[in-house]
Amino acid sequence: MRKKSTLPPYLTLTVILFAAIVLSVAIGSVPIPLRALWDVLWQSIQGHVSSLDPGGVYLNILTNLRVPHMLLLILVGAALAGSGGAYQGLFRNPLADPFLIGISSGAGLGAVLAMLLQSPYTRVGLMTIPLAAFGGGVLTVLIVTMLARVGKTVPTTNLILAGVAVSSFTSALTSGLMIQSTGEVRRALVWLMGGSVMTGWRPLVGVLPYMVVGLTGLVLIGHPLNVLQFGEEQAFQLGVRVERVRWVTILVATLSTAAAVAYAGIIGFIGLVVPHIVRLIWGGDYRRLIPLSMLGGASMLLLTDVAARSLLAPQEIPVGIITALLGAPFFLWVLKRAKAQNYW
Amino acid sequence: MKGKSFFKSILLLLLIMLLTACSSVMPAGQSGEVSLVDGLGKEIQLDQPAQKIVSLSPSVTEILFAVGAGDQVIGRDSFSNYPAEASSITDVGGSMGNYSIETITSLQPDLVIAAEINTPEQVSALEGMGLKVYYLANPKSISEIYDMILNVGILSGHADDAEKLNASLQQRVQAVEDTIAKATTRPSVFYELDGTDPAKPWTPGPGSFLDELIMAAGGENIAAGLSSAWAQISVEELLVKDPEIILLGDSIYGMTPEQVAARAGWEGLTAIREGRIYPFNDDLVSRPGPRLVDGLEELAQLIHPELYK
């Protein structure tokens with residue numbers, strides 16, 4: 001066994017998350033001095049207007065943009081990294097990520113279809129893209145599991161293969177639609193790269209129920225996933241109902257990932273890499289790995305988003321580009337430093 | 001099957017939950033001096049014409065300057081490069097489809113004018129910040145340009161200037177029509193939007209504004225038979241149609257007639273043998289604004305030089 005890190009995991013990651021929250025709220029294309037930032041928030045809690053913010057612009061930016069954006073990204077990052085960790089355990093495969101069995105390609109197809117619909121500018125019309133993305137993602141996972149089913153069981157190999165095949169098919173449909181459409185190519189591309197995280201409080205209210213159910217489920221699934229690592233036969237003999245674990249894991253991961261993708265587009269890499277970083281530093285106990293991945297995923301998404309918003313300000317780069325661009329070197333650095341042998 | 005209906009009902013429940021998680025964003029304005037319905041069907045009301053305007057597209061910026069509201073523009077998107085004065089105005093982003101909502105909010109405009117390159121989500125995000133957003137729909141034909149210009153004039157308090165501009169534009173369009181009516185031929189035209197892949201360059205198909213402009217300028221668009229308004233044409237089809245004139249809209253990205261003439265298989269084309277291949281300023285015809293008429297005039301002169309001697 002490798003020596004695990006002596007860093008206290010929860011404390012370390014909570015401190016990092018807190019720092020990421022502060023950076024995320026403090027940094028944006030409109031510079032707000034730290035002193036003003038604090039004063040504006042503090043005065044507004046007390047019902048006053050800060051003397052440092054006479055026009056109310058800072059308060060508007062903070063309460064209607066940065067704070068809800070930060071909270072949404074925390075949930076999205078936690079959902080992606082938590083689901084990724086759970087899938088790596090369920091499929092016992094280091095390449096597993098939350099998009100393994102087709103959810104991102106289905107959500108992408110749903111979103112692009114919704115963009116072509118040109119729905120009316122009403123509150124329901126504005127919901128078509130998130131709804132279609134959510135529905136497309138969930139539906140694709142359903143189709144994949146149905147296709148992979150053999151009798152009463154769903155062998156993981158079949159799931160992975162069905163997922164890859166259905167993903168390719170769905171992505172081809174999406175590309176075909178994008179090529180055929182006139183003006184929507186860039187919009188679709190930006191969405192597919194996680195560049196259209198929705199603003200305001202509504203998305204947050206929209207994802208909250210799924211996140212509560214999904215994230216709680218992911219945390220609770222840790223123990224059975226540990227037992228599953230001995231192999232399915234062994235796990236069964238140890239009293240774990242393998243099929244049920246599989247269904248529950250897929251359900252909660254799909255719920256939280258689909259909700260994340262619906263409002264934030266497809267943000268890659270976090271769900272793959274954060275669980276590995278946690279595993280390299282603190283080991284592979286899924287009871288810890290999943291909640292720690294959630295903390296790490298939230299921090300990583302917040303920090304990459306700060307970079308995406310400020311590198312070329314006032315231009316913003318789709319955050320999905322930055323997660324891989326900054327995340328990959330960071331992951332490789334951790335991998336190299338851990339000098340991991342027989343790591344998986 | 002039991003499991004299936006269970007999943008179905010869960011799915012239904014989820015959709016309902018997602019659907020209900022939204023609240024109203026439509027502004028309830030009071031009667032003011034300016035009241036217009038925009039391209040998204042929402043009514044914009046201003047107590048007085050907008051004095052601080054943010055433009056989210058190059059075409060909107062061009063129209064604002066053309067109606068004399070240039071000095072009321074306090075923010076513009078990254079692509080607004082015409083007229084030259086526009087470049088000194090605060091950049092609010094726009095490449096990769098992302099605008100800085102923070103920057104726009106901090107400018108405290110009394111009106112944001114969006115265009116069709118902006119998504120309903122962006123409009124909604126700006127309205128969520130308490131801003132008034134007018135969404136300017138693209139014209140579908142030349143005759144709709146005038147309404148568009150007039151609306152921008154009304155919003156910015158330059159309705160008279162807009163009407164004067166429209167009158168002169170109408171006159172110029174009429175002049176082109178009169179000239180083209182004398183034409184005895186209708187040369188075939190290939191307009192290249194993007195020839196990065198010379199085996200299947202992008203070209204405007206039926207239903208595109210360019211298709212209509214080429215027609216109005218007395219030419220025949222060889223891509224009029226394609227299936228979409230923005231399409232890739234096979235080079236074989238191009239060789240069969242053998243256009244008499246080739247216009248390089250991608251010349252603004254560096255494509256030259258020499259490069260095109262050197263493409264394999266293109267040397268036999270009539271347009272290339274007769275030297276009727278011209279660079280064309282695509283900005284004139286891709287931005288729905290007053291310069292479309294400049295574009296129309298240039299097209300007419302290139303397609304029918306004999307009428308403009």
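Just so it is clear: chains get the letters A, B, ... in the order the sequence lines come, proteins before strands, and each one is counted from 1. If you're wondering where the values come from, they're calculated on a predicted model, not measured in any experiment.
- In this structure, A:Arg202 and B:Ser124 have side chains that are in contact, with non-hydrogen atoms separated by less than 4.5 Å.
- Looking at heavy atoms from C-beta onward, A:Trp191 lies out of side-chain contact with B:Glu121 at the 4.5 angstrom threshold.
- Here A:Arg187 contributes atom CZ and B:Ile117 contributes atom CD1; the two are 12.5 Å apart, rounded to the nearest 0.5 Å.
- Note: B:Leu131 CG to A:Asn60 CG = 7.5 Å, rounded to the nearest 0.5 Å.
- Chain A is approached within less than 4.5 Å, heavy atom to heavy atom, by B:Glu102, B:Thr103, B:Thr105, B:Ser106, B:Gln108 from residues 102-115 of chain B, ordered by number.
- B:Trp230 contributes atom CH2, which lies 8.5 Å from atom CD1 of A:Ile179 (distance to the nearest 0.5 angstrom).
- Proximity to chain A is absent for every atom of B:Tyr135, based on heavy atoms less than 4.5 angstrom apart.
- Taking NE2 from A:His69 and CD1 from B:Ile101, the interatomic distance works out to 9.5 Å, rounded to the nearest 0.5 Å.
- Heavy-atom distances place the side chain of B:Ser227, and not its backbone, under 4.5 Å from chain A.
- Of the listed residues (A:Leu65, A:Thr199, A:Val190), the one with the most heavy-atom contacts under 4.5 Å to chain B is A:Leu65.
- The environment of A:Glu243 atom CD is dense: over 12 non-hydrogen atoms of other residues, nucleotides or ligands sit within 6.0 angstrom.
- Every side-chain contact (heavy atoms from CB on, under 4.5 Å) that A:Ser119 has, sequence neighbours left out, goes to A:Thr128.
- Contact of A:Leu204 with chain B is not made at all, since no heavy-atom distance falls under 4.5 Å.
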